[in-house]
Amino acid sequence: MRVLYGTKNKAKLESMKRITKDLGLEIIGLSDLDMPLPDINESGNDPLQNACIKAMAYYEAYKMPVFSCDSGLFFDELDDMSQPGTHVRRVCGRELTDEEMIAHYASLARKNGGKLVGSYRNAICFIWDYDHIYTSMDASLYTERFILTDKAHEMRNPGFPLDSLSVDIATGKYYYDLRTKSVDESAVDKGFRAFFENALEKIGRR
């Protein structure tokens, strides 16, 4: 079953392919389509609204099953007006590169004593057809709380720049340095997999 993931981010595409492995989904990304992309105004007030705006735009443009995700980054130390929220990569109206993001968020942590504590709140909208639309912004899709530090790890994960600044709260170590942490078994991965399992069951594809 071919399903479009509304993203051009190769890292996110490969991650979702791994998460949904064995569910009978052939997930493709926007870069796999030889078609113009629709103009989308992500004007939602939260990650779920933006995920739905994107998914519907892609569904109406390509008339195929599609899902889109969105996320917001929220820190304990920042007030509502200062939260990155859904604009994690866009700062002052400009889309940042991976290295620019690392520099920006390291500076933000530095201004707050060298670290911030927060989490990503993820959302997803899956459209099979107009009668089968499934959404979630359940806490099972949130990342665990982590420390964002002002000193970047030397490793880089293209498409996920803030991984280089992310530190595990329990151990105080960068996630890159934790050998016991399995990406395949992360709580967020399980949350997304459970979402697809439930949606496919309702569609009658499980």
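Just so it is clear, the structure is predicted and the values come from calculations on it, not from any experiment.
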Residues clustered with Met137, ILVMFWY side-chain links under 4.5 angstrom: Leu48, Tyr142

Asp138 side chain to Ser136 side chain, donor-acceptor N/O pair below 3.5 angstrom: no

Cationic N near anionic O, under 4.0 Å, Lys54 to Asp70: yes

Minimum side-chain heavy-atom gap Leu73-Gln83 below 4.5 Å: no

For Cys69 against Phe192, the heavy-atom pair lying closest together: SG-CE2, 4.1 Å

Asp79 atom CG, neighbour heavy-atom count above 12 within 6.0 Å: yes

Summary of ring-ring contact (aromatic ring centres under 6.0 Å, His included) pairs that have at least one residue in residues 43-82, sequence neighbours excluded: Tyr5-Phe67, Tyr59-Tyr130, Phe67-Phe196

Ser164 (side chain) donor-acceptor with Met155 (main chain) under 3.5 angstrom: yes

Glu14 with Arg18: basic N within carboxylate O range, under 4.0 Å: no

Under 3.5 Å donor-acceptor, Asn50 side chain and Gly44 backbone: yes

Lys115 NZ: over 12 foreign heavy atoms closer than 6.0 Å: no

Where at least one partner belongs to residues 84-112, residue pairs that pass ring-ring contact (aromatic ring centres under 6.0 Å, His included), sequence neighbours excluded: none

Side chain to side chain contact (heavy atoms under 4.5 Å, CB included) evaluation trace for Arg156 with Ile102: CA-CA 10 Å; Arg156 297 290 187 269; Ile102 291 172; 3.3 Å; yes

Asp80, CG: over 12 other non-hydrogen atoms inside 6.0 angstrom: no

hydrophobic_cluster_shared for Met35 and Ile28, side chain cutoff 4.5 Å: yes

Distance (rounded to the nearest 0.5 Å) between Asn112 CG and Ser107 OG: 9.5 Å

Cluster check Leu23, Ile19: I/L/V/M/F/W/Y, side chain < 4.5 angstrom: yes

Close side-chain approach of Asp168 to Glu144, heavy-atom, < 4.5 Å: yes

Heavy-atom side-chain contact between Val91 and Glu100 under 4.5 Å: no

Heavy-atom pair with the smallest gap, counting every atom of Leu148 and Ser166: CD1-OG, 4.5 Å

Spacing of Lys17 atom NZ and Ile27 atom CD1 [to the nearest 0.5 Å]: 8.0 Å

Evaluation steps, side chain to side chain contact (heavy atoms under 4.5 Å, CB included), between Leu25 and Leu200: CA-CA 10 Å; Leu25 300 178; Leu200 292 173; 4.1 Å; yes

Smallest separation among heavy atoms of Val66 and Ala55, with atom names: CG1-O, 3.4 Å

Gln49 vs Thr86 side-chain heavy atoms within contact, under 4.5 Å: no

Approximate separation, where rounding is to 0.5 Å, of Ile203 CD1 and Asp129 CG: 7.5 Å

hydrophobic_cluster_shared for Met1 and Ile124, side chain cutoff 4.5 Å: yes

Heavy-atom side-chain proximity of His132 to Phe126 below 4.5 angstrom: no

Spatial distance of atom CE (Met56) from atom OG (Ser68) [nearest 0.5 Å]: 10.5 Å

Approximate separation, where rounding is to 0.5 Å, of Asp76 CG and Leu116 CG: 9.0 Å

Steps toward side chain to side chain contact (heavy atoms under 4.5 Å, CB included) verdict (Tyr134, Asn198): CA-CA 9 Å; Tyr134 305 99; Asn198 292 333; over 6 Å; no

Over all atoms of both residues, closest heavy-atom pair of Ser71 and Pro47: C-CG, 3.8 Å

Check: Lys12 main-chain N/O paired with Asn9 side-chain donor or acceptor under 3.5 Å: yes

Any Ile53 side-chain heavy atom under 4.5 Å of Asn41 side chain: no

Thr135 versus Cys52, closest heavy-atom pair with distance: CG2-SG, 3.6 Å

Residues, nucleotides or ligands: over 12 heavy atoms within 6.0 Å of Glu154 CD: no

Transitive ILVMFWY side-chain link Ile127 to Met64, under 4.5 Å: yes

Pairwise distance CD1(Ile169) to CZ(Phe146) - rounded to 0.5 angstrom: 9.0 Å

Test item: Val3 and Thr20 side chains (from C-beta on) under 4.5 Å apart, heavy atoms: no

Test item: Leu78 and Leu108 side chains (from C-beta on) under 4.5 Å apart, heavy atoms: yes

Shared hydrophobic cluster for Ile40 and Leu33 (ILVMFWY, side-chain gaps under 4.5 Å): yes

Gly159 versus Arg89, closest heavy-atom pair with distance: O-NH2, 3.9 Å

